[in-house]
Protein chains: 2
Amino acid sequence: MKEPAQAKVDKRHLRTVRTREKLLVAARDVFLSQDFQTATISQIIKQAGVGYGTAYVHFEGKDELLIVLMEDVMDRFYKIAEQVFEPRSRADAKQQILEQATAFLRLADEERAMLRVVEQAIGVSYVVRTKWKQIRERFIGQISQDILYAQQQGLARTDLNPKLVARGWFFANEMYLFEVVRGETTAAIDEIARTLTEVYAHGLYRED
Amino acid sequence: MKEPAQAKVDKRHLRTVRTREKLLVAARDVFLSQDFQTATISQIIKQAGVGYGTAYVHFEGKDELLIVLMEDVMDRFYKIAEQVFEPRSRADAKQQILEQATAFLRLADEERAMLRVVEQAIGVSYVVRTKWKQIRERFIGQISQDILYAQQQGLARTDLNPKLVARGWFFANEMYLFEVVRGETTAAIDEIARTLTEVYAHGLYRED
DNA sequence: AATAATATTGACACAGTGTCAATTTGTTTG
DNA sequence: CAAACAAATTGACACTGTGTCAATATTATT
């Protein structure tokens with residue numbers, strides 16, 4: 001009844017894929033139910049219902065397991081960062097930046113459970129830290145381009161290095177992101193986004 | 001010949017103090033010669049020339065050992081953050097902010113060896129992370145006050161929450177601090193400070 | 001059905017932590 | 001000054017978690 005021709009070849013692959021999937025689902029459960037440091041491979045394989053060594057067949061360790069899980073979350077952030085940015089005026093630019101910053105922090109709030117784990121892992125694990133740096137560079141690269149565009153359109157100051165400005169802007173956002181994730185923010189997300197945007201946009205897109 | 005009266009009582013104290021000191025010196029050596037995660041208590045006690053358990057008598061563990069070492073470094077940063085800030089004009093404010101930011105990043109560069117360890121430890125250790133948050137709040141509190149002063153003097157925009165602005169400003173600086181520490185900066189410290197300050201100062205101290 | 005290829009398994013060796021009863025060192029007292 | 005006391009130091013031990021690998025189970029091929 002099932003696929004006859006390929007079925008034989010696939011059955012093994014399928015098992016592999018299933019095991020991998022089981023491990024990922026279990027890892028997610030375990031990471032979310034406690035945190036990255038205290039989560040152990042033993043807990044994960046137990047939850048996944050597979051043997052101990054199996055985890056090491058599919059992943060290099062806890063770190064790599066998380067990196068795979070991270071990617072799904074980060075994709076949602078990339079979508080925000082990579083929206084088209086072609087403002088017609090300074091007011092327009094500011095409005096768009098505000099929207100992006102707000103969306104960014106709101107998403108952080110939505111994904112806070114997983115990002116909490118990510119933050120812990122960044123600290124503990126070298127590979128995760130490296131991965132996070134890549135992610136960050138992708139954001140900063142995108143912002144740099146946006147700034148460059150604005151400079152070319154005569155909207156933004158041209159006496160500043162776009163890459164340096166982009167880093168600074170992203171850093172402030174990133175730090176607030178983790179504050180939101182930790183639930184440590186006193187202020188509302190919208191106010192944070194507004195404040196950051198006001199300072200940044202007026203500083204960079206000054207009228208002269 | 002030595003102090004007759006107090007000497008007896010002190011000798012024991014002295015031994016304790018010496019052991020503690022030996023451990024701190026050794027910890028510093030070990031942390032700097034490798035990093036926080038791979039450093040072990042065994043290495044530290046060996047370097048200090050004391051027994052294994054001794055480390056646990058004086059400190060709760062690796063974390064607390066580092067926290068004590070951190071404090072010395074951070075004191076130097078506090079000195080910068082707590083300089084008087086009483087600008088007479090916007091240009092004056094900007095100049096002072098630039099000087100502070102520059103001094104901050106230069107000090108990061110000077111203390112990079114120890115700060116590298118601190119950064120690693122922030123990731124790994126809960127107590128160190130908590131300590132770092134305290135340190136950060138001290139900086140942010142100071143900056144908030146400076147902003148408030150500028151607002152009261154009519155130098156800065158009053159439509160923004162000083163605490164939120166202060167956080168954002170500090171976050172950008174903090175992140176660059178760690179980039180400097182990691183030696184990952186492409187740009188020169190002075191240019192980073194200048195860029196950050198330009199955007200921040202023009203964004204906050206706008207003429208309206 | 002026998003053989004080959006691949007996936008899974010858990011026991012094992014290892015590394016580091018934190019504890020605590022025993023030991024060493026220093027202080028006080030009769 | 002020696003016995004009794006107090007404080008500091010010690011390292012062996014029990015524990016927790018990691019990563020490896022030879023053995024085993026499952027699937028594919030001949």
Side-chain angles (χ1 to χ4, degrees), chain A residues 2-27 30-31 33-67 120-121 124-128, chain B residues 2-27 30-31 33-67 120-121 124-128:
Chain A
K2 297 129 204 174
E3 297 83 344
Q6 290 286 59
K8 290 175 207 159
V9 192
D10 275 353
K11 200 165 173 185
R12 210 143 58 182
H13 271 278
L14 190 66
R15 184 162 61 133
T16 309
V17 171
R18 284 240 177 93
T19 306
R20 211 185 123 90
E21 201 53 41
K22 274 194 277 184
L23 280 166
L24 281 170
V25 171
V30 173
F31 285 148
S33 75
Q34 36 196 316
D35 56 38
F36 187 75
Q37 13 237 331
T38 60
T40 68
I41 294 287
S42 302
Q43 290 175 307
I44 294 171
I45 58 107
K46 198 175 163 192
Q47 174 87 4
V50 301
Y52 187 84
T54 310
Y56 288 94
V57 172
H58 294 274
F59 303 93
E60 282 180 17
K62 237 170 41 167
D63 312 16
E64 210 210 316
L65 228 11
L66 183 73
I67 285 183
Q120 294 157 351
V124 191
S125 151
Y126 177 75
V127 273
V128 175
Chain B
K2 297 130 204 173
E3 296 84 345
Q6 290 286 58
K8 290 174 208 160
V9 191
D10 275 353
K11 200 164 175 186
R12 211 145 55 183
H13 273 278
L14 190 64
R15 184 163 59 132
T16 310
V17 171
R18 284 240 178 92
T19 306
R20 211 184 124 90
E21 202 53 43
K22 273 194 277 184
L23 279 166
L24 281 171
V25 171
V30 173
F31 286 147
S33 74
Q34 36 198 316
D35 56 40
F36 188 75
Q37 13 237 333
T38 61
T40 68
I41 293 287
S42 302
Q43 290 174 307
I44 294 171
I45 59 104
K46 198 176 164 192
Q47 174 87 2
V50 301
Y52 186 84
T54 311
Y56 289 93
V57 173
H58 294 273
F59 303 93
E60 283 180 16
K62 235 168 46 164
D63 313 16
E64 210 210 316
L65 226 11
L66 182 72
I67 286 183
Q120 295 158 353
V124 191
S125 151
Y126 178 75
V127 272
V128 174

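Below, all heavy atoms of this structure are taken into account, side chains as well, without hydrogens, waters or symmetry copies.
- As rounded to whole Å, 14 Å separates atom C1' of C/dG16 from atom CG of B/Asp63.
- A sub-4.0 Å separation between OP1 or OP2 of D/dA8 and a side-chain N or O of B/Thr19 is absent.
- Nucleic acid contact class of A/Thr54 (heavy atoms, under 4.0 Å, all strands): base.
- Rounding to whole angstrom units, CG of residue B/Leu23 and P of D/dA8 are separated by 14 Å.
- Listed for the A/Lys62 side chain is no donor-acceptor partner under 3.5 Å among the backbone atoms of A/Ala27.
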> How would nucleotides 18-26 of chain D be written as a contact map, 5' to 3', with B for base contact, S for sugar-phosphate-only contact and - for no contact, using protein heavy atoms under 4.0 Å?
Replying inline: BBB-----S

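- Note that the CD atom of A/Gln43 and the CD1 atom of A/Ile41 stand 10.0 Å from one another [nearest 0.5 Å].
- Residue A/Glu60 qualifies as open at atom CD: its count of foreign heavy atoms under 6.0 Å is 12 or below.
- Rounding to whole angstrom units, NE2 of residue A/His13 and C1' of C/dT8 are separated by 16 Å.
- A/Gln37 places its CD atom 16 Å from the C1' atom of C/dT17, with the value rounded to the nearest Å.
- Proximity of B/His58 to B/Leu65: side-chain heavy atoms (C-beta onward) are nowhere separated by under 4.5 Å.
- Between the NZ atom of B/Lys46 and the C1' atom of D/dT9 there is a distance of 19 Å, rounded to whole Å.
- Regarding contacts with the backbone of D/dT9, a side-chain N or O of B/His58 is found under 4.0 angstrom from either OP1 or OP2.
- At whole-Å resolution of the value, CG in B/Leu14 and P in D/dT9 are 11 Å apart.
- A 4.5 Å side-chain heavy-atom check between A/Leu24 and A/Phe59 finds at least one atom pair inside the cut-off.
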With a 3.5 Å cut-off and sequence neighbours excluded, list the donor-acceptor pairs that the side chains of residues 44-57 of chain B form with protein atoms.
unit_1, atom_1, unit_2, atom_2, d
B/Gln47, NE2, B/Asp29, OD2, 3.0
B/Thr54, OG1, B/Gly51, O, 3.1

